Amino acid sequence: MDVFAEIESRISAALEALKSEGDLPADLPTSGFDVETPRDPTHGDLASNVAMVLAKPARMKPRDIAEKLQARLSADADVASVSVAGPGFLNITLKPAFWHRLVQAILKEGGGYGRSTLGQGKTVDIEYVSANPTGPMHVGHCRGAVFGDVLANLLAFAGFDVTREYYVNDAGGQVDVLARSVFLRYREALGEDIGAIPEGLYPGDYLKPVGEALAKEHGAALLEMPEERWLPTVRAFAIDAIMPMIRDDLAALNIKHDVFFSEASLTRGGSDKVKAAIDALRAKGLIYEGRLEKPKGHDDEEWEDREQTLFKSTEFGDEADRALMKSDGSYTYFAGDVAYHYDKLQRGYRHLVNVFGADHIGYIPRMLAVVAAFTGGTVERDAKGKLKSWATSGGSADLAIKVVNLVKLFKNGEPYKMSKRAGTFVTLRDVVDEVGRDPVRFMMLYRKELEPLDFDFAKVTEQSKDNPVFYVQYAHARAASVFRNAQEVFPELSPDSPAVLGADLSRLDDAGEIDLIKKIAFFPRLIEGAAKAEEPHRLAFYLYELSSALHGQWSRGNDSPHLRFIQADDGVMTAARLALIAAVQQVISSGLSVLGVEAPESMR
RNA sequence: GGCCCCGUAGCUCAGCUGGAUAGAGCACCAGAUUCCUAAUCUGGGGGUCACAGGUUCAAAUCCUGUCGGGGUCACCA
């Protein structure tokens, strides 16, 4: 049940009635306006701009339209009063009985409350994390990982059919470096003194066991071979060893992908999916052999002017065409990504989401270009060629790119520099072990994704109450506690009992109580808004506000005992208030579950 | 230099895609605990929404320009 949609439709009905009676022009639209909660609660429960939006097409004064609607809506059995204010706002106050019914509806829906049919089962593929398989995850990966995971939860809650995907960059130079690094550890495991790890190889100790395992499996056999013979073996071995580390790291954050897509698989086993994807673009006339201009703004000594295979991404507004082949004849990373997205589209997804780090922003236009090219969609730009959004539209499927900004590390307020050499490299696992899964997840979401995030270990660990996650969890635990205490007096009042679900709510008339109901009434709309905007942080902020309202109402019982939830001499009132608490707790619980954060029954 | 993001209270940030008198946390000041968990609550001070124009009934929000901070710019991934 969505109060806003409900009132919207009643306003529409009122407009229709006025039209049929000739009070409004017959061709006047009956949608396109908003119903929202006014900032100032004295204005009423709900406000609409309907009169102002329709003033122009109706060629009437906003206030005149508003007054006609006022007369209509006042007759509604659920409406207590309607007023016209300011430039033509329609302020509506609903009868308490309406809010009481809402609480009952929420309790009846239970965990389904707030779920939406917005997605209508549309298939969505969300690609996130996609860290190179060259070592354990570090803190920097954390934000994108949590963001992607929660976005996936959120879209699923809003009715989309979601696939969570990880693109494994197991081809290219980085994994060759990994292989050489492991080979060194392999020699070490066979008793060789390898000395210091040379510049350019991965120095981490985590490769030691990998080298040892390699020695166990192959003995000294690999030592006899030239690099080009052992490299593929060692590379595959190393990746097979690293990926479980990464999965473990993700599991520590409660993140689980449905699909791990291997970049190397694109060209394995005789089939060349990269070539196929490029050919598909070629068929559209978007591939050509040509030269690129030397990039401006920085001196590049190694720049070489040569003819190469290019994708015409300028066709979609990118600032340069993009190379698909390296000078050694192998595919560029971009070429692999072209094939990967081609593959995703062929798997039938209607909506693709890529979660990028801020350092990959420059990569966005070419990716949008690729997907627009494959789907027949467009990359919307304004007259000056500026990108309107990081998304394609209008094609058989579309791509949206979400960018999470950098995480700046602090310790006791001082910037904290990560360095592998100085031993201050912080792995994701370290952070989760030290701080805990829930605080990390919540912290990563308690900021708009595009905003840089300061992450202070000392703050999040030592003064853990600074972390808002405890505030929200405490609200949930407090609700559970109220039930525990209430049952000592009224044993029949357990959370799912008929006595609570069917409680007579007519005495819930305190302003704070009604305010709590209004806050949970907003939940479905919040979910839809956050899902449409693909902004999970909204949910974190919402839960904080809702928790605040609950803590506030609880505390009012300190000064005014008659407001306490448990009234030992009044079972009817207690049941009513517990019903409200149960509904609030339900929303917090549902919200936290979308965030992937635990909703504890107790904080002790 | 091109492109992209950001600029809101002393600090860290929200602001529901254009709504009414711009909010929260931290910090500071003053209070609340024989009382359902004080990991909590109540009150107070604190603002040229970077700046200047424009669009309209209405702009922190959209457009243009300027200033400041950050990111990024073939052949890496």
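Letters A, B, ... mirror the listed sequences (proteins, then strands); counts begin at 1. On a predicted model such as this, the values are computed, not experimentally measured, just so you know.
By the 4.0 Å N-to-carboxylate-O rule, A:Asp305 lies close enough to A:Arg291 to be salt-bridged with it. By the 4.0 Å N-to-carboxylate-O rule, A:Asp64 lies too far from A:Lys68 to be salt-bridged with it. With salt bridges taken as basic N to acidic carboxylate O contacts below 4.0 Å, one links A:Glu513 and A:Arg577.
Across all strands shown, A:Ala320 has no heavy atoms under 4.0 Å from either base or sugar-phosphate atoms. Residue contacts for A:Tyr446: at a heavy-atom cut-off of 4.0 Å it reaches no nucleic acid atom on any strand shown. Base contact: A:Ser602 has a heavy atom under 4.0 Å from a base atom. Using a 4.0 Å heavy-atom cutoff across all strands shown, A:Pro87 reaches at least one base atom of the nucleic acid. Contacts of A:Pro452 with the nucleic acid, taken as non-hydrogen atoms under 4.0 Å apart, involve only primed sugar atoms and P, OP1 or OP2. Looking at heavy-atom distances under 4.0 Å, A:Phe565 makes contact with a base. Backbone-only engagement by A:Asp454 is indicated by non-hydrogen atom pairs under 4.0 Å involving sugar-phosphate atoms exclusively. Using a 4.0 Å heavy-atom cutoff across all strands shown, A:Ala486 reaches no nucleic acid atom at all. Looking at heavy-atom distances under 4.0 Å, A:His537 makes contact with sugar-phosphate atoms alone, never a base. A:Lys56 comes within 4.0 angstrom of sugar-phosphate atoms only, judged by non-hydrogen atoms across all strands, and of no base. Among the atoms of the strands shown, base atoms are found under 4.0 Å from some heavy atom of A:Asn558. Residue contacts shown for A:Asn91 include a base, since a base heavy atom lies under 4.0 Å away.
Atom P of nucleotide B:G43 and atom CG of A:Asp559 are separated by 11 Å, given to the nearest angstrom. Atom CD of A:Glu601 and atom P of B:A39 are 19 Å apart (whole Å). Computed from coordinates, the A:Lys532 NZ to B:C16 C1' distance equals 11 Å when rounded to whole Å.
The same atom, C1', is picked in B:A74 and in B:A14; the two are 40 Å apart, to the nearest Å. To the nearest whole angstrom, the two C1' atoms, one in B:U8 and one in B:G69, are 15 Å apart. Taking atom P on both nucleotides, B:C76 is separated from B:C67 by 37 Å, rounded to a whole Å. Comparing B:A24 with B:C16, their C1' atoms are spaced 15 Å from each other, to the whole Å. Here the separation of B:G47 from B:U21, taken at their C1' atoms, is 13 Å to the nearest Å. B:G1 and B:U40 have their P atoms separated by 49 Å, given to the nearest Å. B:G68 sits 22 Å from B:C62 when the P atoms are compared, rounded to a whole Å. For the C1' atoms, the distance linking B:G2 with B:G46 amounts to 41 Å, nearest Å.
On a pure distance criterion of 3.5 Å, no polar donor-acceptor pair joins the side chain of A:Asp176 and the base of B:A77.
Between A:Phe4 and A:Thr37, the closest side-chain pair of non-hydrogen atoms falls below 4.5 Å.
Under the Watson-Crick and G-U wobble criteria, each requiring two contacts below 3.5 Å, nucleotide B:G1 is paired to B:C73. Checking B:C13 for Watson-Crick or G-U wobble geometry (two distances, each under 3.5 Å) identifies B:G23 as its partner. In a base pair of the Watson-Crick type (N1 to N3 plus N6-O4 or O6-N4) or a G-U wobble (N1-O2 and O6-N3), with each distance short of 3.5 Å, B:G65 is matched with B:C51. Nucleotide B:A30 is matched to B:U42 when pairs are restricted to Watson-Crick or G-U wobble geometry with both distances under 3.5 angstrom.
Considering only side-chain N and O atoms, A:Lys388 lies nowhere under 4.0 angstrom from the phosphate OP1 or OP2 of B:C62. At the phosphate of B:A24, neither OP1 nor OP2 sits under 4.0 Å from any side-chain N or O atom of A:Tyr542.
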- Message: If you apply the rule side-chain hydrogen bond (donor to acceptor under 3.5 Å, both in side chains), what do you find for A:Glu289 with A:Thr309, and how did you get there?
- Response: CA-CA 5 Å; A:Glu289 302 294 318; A:Thr309 307; 2.9 Å; yes
- Task: Check the pair A:Asp510, A:Gln553 against side-chain hydrogen bond (donor to acceptor under 3.5 Å, both in side chains), reporting the backbone distance first and the verdict last.
- Result: CA-CA 10 Å; A:Asp510 177 71; A:Gln553 187 63 14; 3.1 Å; yes
- Given the rule in the side-chain hydrogen bond (donor to acceptor under 3.5 Å, both in side chains) test, do A:Gln174 and A:Asn169 qualify, once you have shown the distances and angles that lead to the verdict? CA-CA 9 Å; A:Gln174 305 274 2; A:Asn169 302 137; over 6 Å; no
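Nearest to the side chain of A:Thr332, among B:C57, B:C75, B:G15, sits B:C75.
In this structure, A:Phe89 forms an aromatic stack with the base of B:A20, since both conditions hold: centre separation below 5.5 Å and plane angle below 30°.
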